[in-house]
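Following: one structure in structure tokens, then a few remarks.
Keep in mind that this is a model prediction, so the values were computed, not measured.
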Amino acid sequence: MKRLLKITTKLGSANSVAFIASLVKNKFIAVFLGTSGVGIFAQLNNFLNLLSNLSTLGMQQGVTKFSASCKLDETEEKVDSESILSVALFLVGSIAMVLSAAVIFFNKKISFLIFSDASYGFGIIIVAVSFPFIAFTAIFNYYFKGIGNIGALFKTTILSSIIGLAVSFSLIWLLSIKGLIMQIFTTAFISFSVFYLFYSFFQRGRKKARLFDISGIPGAKTIIRNLLRHGFVIYVSNALLPLSLLIIRSMVIKNFGIEQNGIFQSVLLISAIFVSFPSETLWASYFPDISKDRDPGRQKVLLARFMDFLILIGIPAVTFTILLQNFVIKFLFSSHFVSAASYLPVRLMGDFVYMLAWPIGLIFFANSLFKEVLFFSILWNLLLIGLSALLIKLLGFEGVFIAYLLTCLIILILQWIILRKKTVIAAGNRELLRVILAVISVSMVCFVARERLSPYFYLLPLFIWFCMFFNKFKLNLEAVKLWQKK
């Protein structure tokens with residue numbers, strides 16, 4: 001538990017610096033270049049993210065899994081983490097070069113497609129030479145998570161954010177719109193350079209990965225096949241969510257207008273920030289641990305421990321976010337978005353339930369149960385769209401957020417049932433009781449917020465939370481210590 005809290009604190013601090021740097025840069029662009037600058041940057045940045053996601057094909061999580069376990073799924077043969085990194089960089093580089101050449105060749109047409117104006121071809125070319133560095137950085141990021149080098153993640157994230165912000169300021173100040181476009185490349189290149197330099201520093205005197213050369217790596221074809229297979233599952237899962245959000249946003253605009261879509265987007269952004277901190281710990285600690293150790297008994301201990309960790313940090317996080325929601329909304333947006341406070345508690349409750357489903361879903365992924373992973377991914381998106389359409393008609397705008405909560409609850413229950421049937425990692429009644437109590441506690445927090453009761457009523461769910469960990473429902477630390485000794 002101490003290790004998880006330490007990792008969360010470190011990565012949370014680093015991500016906070018990165019988030020603040022991004023926020024400051026966006027505000028500087030808005031003040032210095034106005035709405036046109038914000039619009040140009042948003043479109044180019046979205047296109048950059050699309051290309052980098054296409055070039056990685058979801059392989060990052062596979063890099064984490066195989067770097068942690070140093071074993072391949074098909075043959076269970078041993079493979080060193082440097083070989084995994086070399087093959088991943090080779091694959092990403094090959095895909096990125098083809099995509100980059102195509103984008104440069106069709107830059108005018110793409111510019112017209114995105115901006116309805118062919119004059120932004122220079123911006124498209126800059127994006128084409130920038131996204132490979134973003135993709136390489138993502139691979140190094142997940143490689144560090146796989147080998148458990150949290151210190152490198154902490155330092156590289158902070159350093160690349162600060163240097164990138166300083167260079168972006170200078171270019172925008174000196175060159176205006178042209179500088180705004182050029183800083184896309186400098187930010188991507190700085191991030192890659194910082195990650196690669198830290199990697200070289202930590203690997204000095206030892207074997208290093210090669211960027212575009214996989215000759216001489218034993219089992220390279222098997223590694224490629226494993227990375228692509230894992231990447232496909234994650235890529236399909238990640239591709240469905242933006243599509244679902246696009247459909248739901250269309251429903252919101254059609255039924256309630258563009259302004260309410262702005263409120264919806266503000267709630268989603270706060271939600272994304274809320275879940276980002278525990279999700280980093282999930283990928284940097286829990287997933288490498290369960291990938292490394294396939295023993296069902298030990299995976300059960302890890303599952304119970306991470307569930308307890310999510311409950312330990314989740315209930316206070318939801319409570320204090322709701323208590324400070326008006327301040328958070330005004331800080332991130334403006335006083336015009338205060339009505340988002342009416343919907344944020346339900347969304348945060350859904351996020352909490354969603355967080356509890358994460359470790360179960362990753363048990364399936366770590367054990368290569370790809371059918372289950374795809375099934376839950378498709379079902380989650382279909383439920384979200386279907387329930388949103390139904391509840392918008394019945395409950396109005398609030399129905400969108402209740403649909404999200406119900407979807408997360410249904411998925412958590414089904415995952416729990418299938419976990420018991422498909423694996424021998426059967427979570428016991430003790431774990432189930434803690435999850436039920438946690439959901440009840442967060443429900444109380446949301447009820448107090450929605451009914452605008454006295455802040456003293458928040459003490460009741462916090463008391464239940466306290467009892468869960470420090471009284472008769474406390475975490476069985478003896479079992480964890482025994483496993484750690486083994």
Taking the side chain as every heavy atom from C-beta outward, state whether [X] and [Y] have any pair of such atoms under 4.5 Å apart.
X      : Y      : result
Phe19  : Ser276 : no
Val442 : Pro461 : no
Ile110 : Tyr120 : no
Ile248 : Val400 : yes
Phe320 : Leu323 : yes
Arg347 : Ile270 : no
Ile139 : Leu85  : yes
Phe140 : Thr156 : no

Donor-acceptor contact below 3.5 Å, side chain [X] vs main chain [Y]:
X      : Y      : result
Ser160 : Thr157 : yes
Thr319 : Ile315 : yes
Gln183 : Leu180 : yes
Ser279 : Val275 : yes

Does a sphere of radius 6.0 Å around [atom1] in [X] hold more than 12 heavy atoms from other residues, nucleotides or ligands, not counting ones at 6.0 Å or beyond?
X      : atom1 : result
Phe169 : CZ    : yes
Phe447 : CZ    : no
Phe122 : CZ    : yes
Phe105 : CZ    : no

side-chain contact (heavy atoms from CB on, under 4.5 Å) evaluation trace for Ile134 with Thr56: CA-CA 10 Å; Ile134 298 289; Thr56 57; over 6 Å; no

Could you tell me the separation between the [atom1] atom of [X] and the [atom2] atom of [Y], rounded to the nearest 0.5 Å?
X      : Y      : atom1 : atom2 : result
Ile124 : Leu44  : CD1   : CG    : 5.5 Å
Leu165 : Ser161 : CG    : OG    : 8.5 Å
Leu405 : Leu348 : CG    : CG    : 11.0 Å
Met349 : Phe352 : CE    : CZ    : 9.0 Å
Ser94  : Ile224 : OG    : CD1   : 8.5 Å
Ile125 : Ser100 : CD1   : OG    : 10.0 Å

Test item: side-chain donor near acceptor, Lys145 and Asn141, under 3.5 Å: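 Distance-only check passes for Lys145 and Asn141.
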
Evaluation steps, side-chain contact (heavy atoms from CB on, under 4.5 Å), between Ser266 and Ile329: CA-CA 8 Å; Ser266 67; Ile329 291 167; 5.9 Å; no

Taking all heavy atoms of [X] and all of [Y], pick out the closest pair and write down the distance.
X      : Y      : answer
Cys408 : Trp380 : SG-NE1, 4.0 Å
Trp416 : Met307 : CZ3-CE, 3.6 Å
Ser339 : Ile263 : OG-CD1, 3.4 Å
Gln325 : Ala341 : OE1-O, 3.3 Å
Ala449 : Ile322 : CB-CG2, 3.3 Å
Ser52  : Ser55  : O-OG, 2.8 Å

Phe306 ring center near Phe309 ring center (under 6.0 Å):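 Distance test on ring centres: under 6.0 Å, yes.
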
Ring centres under 6.0 angstrom apart (Tyr343, Phe397):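 Centroid distance Tyr343-Phe397: below 6.0 Å, so yes.
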
Derivation and outcome, side-chain contact (heavy atoms from CB on, under 4.5 Å), residues Ile20 and Val17: CA-CA 5 Å; Ile20 291 168; Val17 171; 5.9 Å; no

Geometric cation-pi criterion, Lys109 with Phe112: 6.0 Å, 45°: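 Verdict for Phe112: no cation-pi partner in Lys109.
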
Verdict with reasoning, Arg305 to Asp308, per side-chain contact (heavy atoms from CB on, under 4.5 Å): CA-CA 5 Å; Arg305 184 175 66 165; Asp308 281 314; 5.8 Å; no

Name of the residue among Phe195, Phe131, Phe133 meeting ring pair (Phe, Tyr, Trp, His ring centres under 6.0 Å) with Phe189: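 The passing option is Phe133.
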
